[in-house]
There are 2 protein chains.
Amino acid sequence: MLSEEKDDAEAVARIEAAFPLSFMIHQLQIKLGAQARALIAQHGDLTLPQWRIIRVIGMDAADGSTAIRKVLGFDKSQFSKTVTQLQARGLVEVLDHPVDRRQFRLALTGEGRAALDRLTPVLSARNEYLMQALSPEERALIRPALQKLSIAAETTDIPTGTDT
Amino acid sequence: MLSEEKDDAEAVARIEAAFPLSFMIHQLQIKLGAQARALIAQHGDLTLPQWRIIRVIGMDAADGSTAIRKVLGFDKSQFSKTVTQLQARGLVEVLDHPVDRRQFRLALTGEGRAALDRLTPVLSARNEYLMQALSPEERALIRPALQKLSIAAETTDIPTGTDT
DNA sequence: ACCTTATCGTTGACTTTTCCACCTTGCCGA
DNA sequence: TCGGCAAGGTGGAAAAGTCAACGATAAGGT
């Protein structure tokens with residue numbers, strides 16, 4: 001009799017139906033993080049934040065520290081520490097910023113790019129797998145939806161129930 | 001001249017366009033977590049994980065430890081430690097589980113329910129605020145989408161690019 | 001009934017993340 | 001041009017989260 005186990009699953013479903021959105025996202029993030037860590041660990045020895053930074057630098061869409069830090073949403077301190085680690089491991093090069101002397105530019109070293117090339121296929125396949133779990137409409141809507149939420153999540157003072 | 005600042009913002013937008021989904025969710029979760037911490041801190045002295053557990057118990061949809069732990073996605077260890085804190089602070093009561101002797105049941109004490117009632121309006125208003133940032137279709141689709149992703153995120157071995 | 005396997009919660013060591021104070025650099029109005 | 005304020009990065013302390021090992025209970029197959 002697996003009624004107990006089933007009861008737990010039913011209880012989970014019952015709760016999830018009325019779950020705050022932020023809880024759902026948190027729960028999802030926990031699972032995604034664990035999945036990513038497992039994949040990264042199987043194919044190298046980067047940490048998850050290290051991988052994220054390398055991945056963004058490798059997109060060649062920006063090299064300023066602030067831009068990279070902000071897309072990732074990283075805390076200043078964590079970003080600083082992770083970049084130091086990457087630099088110490090010779091995966092990333094830290095260069096002067098041409099305009100803003102507070103910032104710096106980031107570039108991959110040969111070794112850094114090698115790590116990126118080794119990991120990219122694996123993580124891309126995962127991303128594909130995740131996207132395939134969604135219906136076409138969901139695929140189309142989820143990115144803008146997440147972006148809107150991301151902006152809304154930056155508000156510090158919430159309009160108190162003056163809505164209707 | 002705010003060209004520098006603007007350049008950063010443009011770079012961020014450029015990167016985000018081609019961002020892996022998992023990165024977007026991670027970035028969103030960071031912001032949501034910070035927002036929730038700020039709100040909770042303003043209205044009491046709970047930690048975020050403590051609040052989450054209290055909130056779920058207060059839904060009265062389940063009281064078994066496993067069900068509560070799994071909807072939140074919490075690590076066993078973290079869950080155990082946070083429940084101990086809540087019990088020590090007298091916010092939560094730990095009772096025997098009627099069927100499974102490995103688990104326990106959780107219930108709010110009077111003080112626990114008071115904390116819940118104090119915080120709920122604030123956090124509910126935030127949830128409303130977040131939902132209002134979405135279009136009606138997005139609102140309708142986001143929950144099932146996140147649930148599908150959550151299931152997909154549990155897969156440990158990803159089908160390697162054999163798709164086409 | 002029995003044996004094997006899986007799940008549960010707890011613990012301790014460890015890593016990661018957050019928070020805060022600090023100093024430097026850029027921004028903008030007086 | 002100066003003076004205040006915002007934004008950038010660093011470093012240390014505290015909190016949160018992760019991981020592996022353990023003993024106890026359940027579940028499932030034989």
Side-chain angles (χ1 to χ4, degrees), chain A residues 1-9 12 26-27 29-38 40-41 45-53 64-70 72-88 94-106, chain B residues 1-9 12 26-27 29-38 40-41 45-53 64-70 72-88 94-106:
Chain A
M1 183 93 76
L2 49 107
S3 62
E4 270 192 50
E5 201 175 301
K6 198 162 65 176
D7 283 349
D8 280 346
V12 169
H26 177 242
Q27 186 237 40
Q29 160 56 24
I30 291 172
K31 293 181 184 174
L32 286 174
Q35 191 183 44
R37 262 186 214 107
I40 292 175
D45 60 345
L46 290 179
T47 67
L48 189 43
Q50 285 172 356
W51 157 250
R52 290 195 165 115
I53 291 176
S65 47
T66 296
I68 295 174
R69 175 168 62 78
K70 288 201 172 167
L72 287 170
F74 274 31
D75 180 75
K76 288 198 294 185
S77 179
Q78 192 192 7
F79 185 74
S80 169
K81 283 161 186 159
T82 309
V83 167
T84 302
Q85 294 167 7
L86 288 171
Q87 191 181 15
V94 178
L95 309 163
D96 286 344
H97 193 285
V99 201
D100 190 338
R101 260 188 299 182
R102 294 171 301 180
Q103 297 190 42
F104 46 81
R105 284 189 304 134
L106 287 172
Chain B
M1 187 102 65
L2 49 107
S3 62
E4 270 192 48
E5 203 175 299
K6 197 163 68 179
D7 283 351
D8 279 347
V12 169
H26 178 241
Q27 187 238 39
Q29 159 55 25
I30 291 173
K31 293 181 184 175
L32 287 174
Q35 191 183 43
R37 274 176 230 275
I40 292 174
D45 61 343
L46 290 179
T47 67
L48 188 45
Q50 285 171 357
W51 158 250
R52 289 194 165 115
I53 291 176
S65 48
T66 296
I68 295 175
R69 176 169 62 78
K70 288 200 172 168
L72 287 170
F74 274 29
D75 180 77
K76 286 200 294 185
S77 177
Q78 193 192 3
F79 186 74
S80 171
K81 285 163 186 165
T82 308
V83 168
T84 302
Q85 294 167 8
L86 288 171
Q87 191 181 14
V94 178
L95 309 164
D96 285 345
H97 193 285
V99 202
D100 189 338
R101 260 187 301 180
R102 294 171 300 179
Q103 298 189 41
F104 47 81
R105 284 188 305 133
L106 287 172

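Here is how names work: the chains are called A, B, and so on, in the same order as the sequence lines, proteins then strands, and each is numbered from 1. Below, all heavy atoms of this structure are taken into account, side chains as well, without hydrogens, waters or symmetry copies.
- Computed from C1' positions of five pairs at each end, the angle between the two local axes of the helix from C:dA1-D:dT30 to C:dA30-D:dT1 equals 50°, rounded to 10 degrees.
- Nucleotide C:dC19 holds its P atom 13 Å from the CD atom of B:Q35, rounded to whole Å.
- Between A:Q35 and A:L32 the shortest side-chain heavy-atom distance falls below 4.5 Å.
- Considering only heavy atoms from C-beta on, B:F79 comes within 4.5 Å of B:I53 through its side chain.
- Heavy atoms only, all atoms of each residue included: B:R52 and B:L72 are closest at CB-CD2, 3.9 Å.
- If you measure from atom CG of A:D45 to atom P of C:dT15, you get 14 Å, rounded to the nearest angstrom.
- Mapping A:K70 and A:H26 onto DNA chain D by nearest heavy atom places A:K70 at the nucleotide closer to the 5' end.
- With 3.5 Å as the limit, one finds a donor-acceptor pair spanning the side chains of A:S77 and A:K81.
- Rounding to whole angstrom units, CG of residue A:L48 and P of C:dT16 are separated by 10 Å.
- Under a 3.5 Å cut-off, the side chain of A:Q103 and the backbone N or O of A:G64 do not form any donor-acceptor pair.
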Review item, nucleotides 10-14 of chain C N/O atoms under 3.5 Å of protein N/O:
unit_1	atom_1	unit_2	atom_2	d
C:dT10	OP2	B:S80	OG	2.8
C:dT10	O5'	B:S80	OG	3.4
C:dT11	O4	B:S77	OG	3.2
C:dG12	O6	B:S77	OG	3.1
C:dG12	O6	B:K81	NZ	3.0
C:dA13	N6	B:K81	NZ	3.2

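- One finds no side-chain N or O of A:S65 lying less than 4.0 angstrom from the OP1 or OP2 phosphate oxygen of D:dG8.
- Across B:D96 and B:R105, no two heavy atoms sit closer than the pair O-NE, 3.1 Å.
- Counting any heavy atom pair closer than 4.0 Å across all strands shown, B:T82 reaches no nucleic acid atom.
- Residue B:R101 has a polar side-chain atom (N or O) positioned under 4.0 Å from OP1 or OP2 of D:dA26.
- Taking both residues in full, the closest heavy atoms of A:L46 and A:I40 are given as O-CG2, 3.2 Å, listed atom of the first, atom of the second, then distance.
- The CD-P distance, from B:Q85 to D:dA14, rounds to 17 Å in whole Å.
- A straight line from CG of A:D100 to P of D:dA7 spans 13 Å, rounded to a whole angstrom.
- Between the CZ atom of A:R69 and the P atom of D:dA7 there is a distance of 11 Å, given to the nearest Å.
- For the residue pair B:K70 and A:V12, the shortest heavy atom distance occurs at CB-CG2, 4.1 Å.
- For A:R102 and D:dA7, a side-chain-to-base donor-acceptor distance below 3.5 Å is present, hydrogens and geometry of angles not being considered.
- Rounded to whole Å, atom P of D:dA15 lies 17 Å from atom CZ of B:F74.
- Across the protein-nucleic acid pair, A:Q50 atom CD and C:dT15 atom P stand 13 Å apart, rounded to whole Å.
- When atom types are taken as modelled, the side chain of B:S80 and the backbone of B:K76 share no donor-acceptor pair closer than 3.5 angstrom.
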